[in-house]
Amino acid sequence: MSEQTLSNLLKEDRRFEPPADLAEHANLTAEAYERADADYEAFWAEQAGRLSWETPFERVLDWDDAPFAKWFVGGRINAAYNCVDRHVEAGHGDRVALHFVGEPVDDTRDLTYAQLKDEVSQAANALTALGVETGDRVAIYMPMIPEAVVTMLACARIGAPHTVVFGGFSSDALATRVVDCEAKVIVTADGGYRRGAPSALKPAVDAAREKASSNGHDVSKVLVVQRTGQDLEAWDDDVDVWWHDAVGSASTEHACEFFDAEHPLFVMYTSGTTGKPKGILHTTGGYLTGSAYTHWAVFDLKPETDVYWCTADIGWITGHSYITYGPMANGATQVLYEGTPDSPERGRWWDIIEKYGVTLFYTAPTAIRSFMKQGREIPDERDLSSLRLLGSVGEPINPEAYVWYRHVIGADKTPVVDTWWQTETGSIMISPLPGVTHGKPGSAMIPIPGISAEVVDDDGNPVPDGSGGLLVLTKPWPSMLRTIYKDDERYVDTYWSRFRQQGYYFAGDGAKKDTDGDLWVLGRVDDVMNVSGHRLSTTEIESALVSHPKVAEAAVVGAQDEDTGQAVCAFVILRDEAGDGGKDIVEDLRNHVRTQIGPIAKPRQVMIVAELPKTRSGKIMRRLLKDVAENREVGDVTTLADSSVMDLISKGSKASSDE
Ligand code: PRX
């Protein structure tokens, strides 16, 4: 966000008070802030107490070995038991856990908590029979179908950490993750439905398995759900197993074991500032406490009456915390939708809300902006009156999108909770509480009870109200990442070294405090981009470009984009022998990135340049490239080794945009 947008934002004076009935019956009220402030460990112990522990914890937090935290020390717990069994034992077995909506119209299936318990138990037995033991890693590469959630819970049940890889990622991206976490088994499907057609997944798993083998890691089994019935390119009888055979024939009885609160629950890969994705490690007791508490408090969940829907994919942290773990630990009824918002036509999401009477809805600003573009006629044709709360996540929500969301989708009666958090934080950190905090379009407001955040200057001093700086979390919290998988040093360096002295967690985001002290998150301050709410690293895309035989060097920046928040813009120097690269070079390179990483990383723009702006020490000055990509006057070039380079690039880009 530019300084100008920022000052416009800070002049935002629209305010929306919590609805009276919501405030009156809210799960969490204003006193929670004070209680949490007075004794935050006691507050978190109380939240952990909402879960079922086999052995109670003896100590809330062990921070002696900071920044390596242990929460709920001595406690033993099973995440799947908390998400499934305990609801059945409490007499809620008939409650619908998942209203599954496939992309093909009328392809629906409801799963109650009792049915889910049977399926999770069967899947746990099947995984064990395939050789998965406690501690082994399982990779999940699946469409948004109930079996994906069942697999995650089955892994949790047997203490085998899962790593879910987004189904839109390429086989290369899958292979890197499978190798890094040495996954023993991959669970996948023949394909899923996307945009009205079956979209294959299994061939990418075959390719990834081959790549993993050539990198010294053999995957022992691949468990395949038959979803689309499409032709499989290959089937290896020694490795591939159909879900309906292995899981279908397994017993529905499974006695679950309880694990230490710090037992690893999952590894979620996310982009950092280098080309290598970081395996963010979350553990069981703290993560479940954080995701369940925030889901209950921020969405004001009433499990007996609410129908909740989060549109994220389980391949991202939002799907982990706010589809699988948080809502299920709370015994929620939720919608799980497989497909795209516009299939078979653009009102699909609103049809689903109308049909199931969705009351709590959680989506991303990029989706809201695309609906704004299509016009209000489409949602206006549906009855959305069941909605009582709307949530936003993934990137800053611009005030106009916020107001449209509240006005058109929420009929001006629903609060909008703008929730700031990260893969690393595991659960929501900054958000309004819908029954307490008034809404201010564009602001995530203040940390929720139990969380301590601050905006600081480069020296770690809090900035005064009305100014900006870096967003930090000043105290540990239960759902914090425990480390980067197999890389403690990178964990310490990335998050805890910038403000080592103060012991603050550095989130990588810039933020401002307005004159009321409310927070406005502005986006990343490092080399991480946010495209449609998805995190991508500039270096990762640069490495993909450089792996093309015609490319000598590449620099990538995230440029502002009306639809996607930021868009990938690449500047590429070709190898001498490639000449001008040929007439299709730009398209070739865009597609090359798509194949290497996935469609979300495909650059909006590729500019072929003769030079890149570098400092005397050889560091690429992305700030200047960003000026070009955003069509701005190029900023200060005095630290460039060769200041004429920018003239060449700017001229080149003008010439290409004039064409
Ligand atoms: O830059 C912030 C942005 O998304 C980053 C985290 O990305 P990821 O780990 O992929 O998790 C996304 C879902 C939680 C943050 O560092 N971000 C996320 N939510 C918001 C946001 N920026 C502004 N406002 C938000 N509500």
Side-chain angles (χ1 to χ4, degrees), residues 1 5-6 9 164 166 168-169 266-273 277-280 282 287 290-291 294-295 298 310-323 325-326 362-369 390-399 401-402 405 416-432 439-448 451 453 455 468 470-473 479-481 484 494-495 505-512 518-537 540 558 564-566 600-601:
M1 240 178 258
T5 329
L6 184 65
L9 281 182
V164 185
F166 174 52
F169 273 138
F266 65 85
V267 177
M268 171 90 239
Y269 286 88
T270 190
S271 298
T273 52
K278 301 180 287 195
I280 303 299
H282 283 288
Y287 171 79
S291 53
T294 49
H295 182 257
V298 174
C310 165
T311 65
D313 192 283
I314 48 140
W316 308 110
I317 192 70
T318 309
H320 282 54
S321 304
Y322 298 108
I323 295 177
Y325 291 107
Y362 195 26
T363 194
T366 181
I368 301 166
R369 286 193 298 268
L390 301 172
S392 169
V393 62
E395 55 174 312
I397 179 164
N398 45 309
Y402 176 113
Y405 193 29
V416 172
V417 288
D418 175 10
T419 61
W420 176 88
W421 58 293
Q422 308 177 295
T423 304
E424 292 87 342
T425 69
S427 59
I428 296 168
M429 300 281 105
I430 303 176
S431 166
K440 211 184 246 188
S443 168
M445 304 304 283
I446 55 171
I448 60 168
I451 299 299
V455 180
L470 303 171
L471 183 59
V472 295
L473 298 170
S479 66
M480 63 197 283
L481 76 165
I484 292 175
T494 311
Y495 306 107
Y505 167 87
F506 172 50
D509 279 322
K512 280 236 173 183
D518 294 325
L519 298 172
W520 299 70
V521 179
L522 304 175
R524 307 290 308 190
V525 293
D526 51 17
D527 291 335
V528 174
M529 280 175 286
N530 189 324
V531 178
S532 298
H534 298 314
R535 245 162 98 166
L536 294 168
S537 105
E540 208 176 349
T564 57
Q566 282 191 313
I600 47 164

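Numbering of ligands and ligand atoms starts at 1, following listing order.
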Quiz item: About how many Å separate OG1 of Thr564 and CE of Met529, when rounded to the nearest 0.5 Å?
Solution: 10.5 Å
Quiz item: If you round to the nearest 0.5 Å, how far is OG of Ser271 from NE2 of His534?
Solution: 11.0 Å
Practice problem: Evaluate the criterion ring-ring contact (aromatic ring centres under 6.0 Å, His included) for residue pair Tyr402 and Trp520; output intermediate values, then yes/no. | Solution: CA-CA 13 Å; Tyr402 176 113; Trp520 299 70; 9.5 Å; no
Practice problem: Anything with a heavy atom under 4.0 Å from ligand 1 counts, so go ahead and list those protein residues by chain and number. | Solution: Ile317, Thr318, Val393, Gly394, Glu395, Pro396, Asp418, Thr419, Trp420, Trp421, Gln422, Thr423, Asp509, Val521, Arg524, Asn530, Arg535
Please report, to 0.1 Å, the donor-acceptor pairs under 3.5 Å made by any side chain of residues 362-369, with sequence neighbours excluded.
residue	atom	partner	partner atom	Å
Tyr362	OH	Thr419	OG1	2.6
Tyr362	OH	Trp421	NE1	3.2
Thr363	OG1	Thr311	OG1	2.8
Thr366	OG1	Asp563	O	3.1
Arg369	NE	Glu562	O	3.1
Arg369	NE	Asp563	O	3.3
Arg369	NH1	Asn398	OD1	3.3
Arg369	NH2	Glu395	OE1	3.2
Arg369	NH2	Glu395	OE2	3.3
Arg369	NH2	Asp563	O	3.1

Self-check item: For Tyr322, the option from Thr294, Ile317, Val298 that meets side-chain contact (heavy atoms from CB on, under 4.5 Å)
Solution: Thr294
Quiz prompt | side chain to side chain donor-acceptor pair (under 3.5 Å) partner of Ser427, chosen from Ser479, Ser291, Ser321 | solution = Ser479
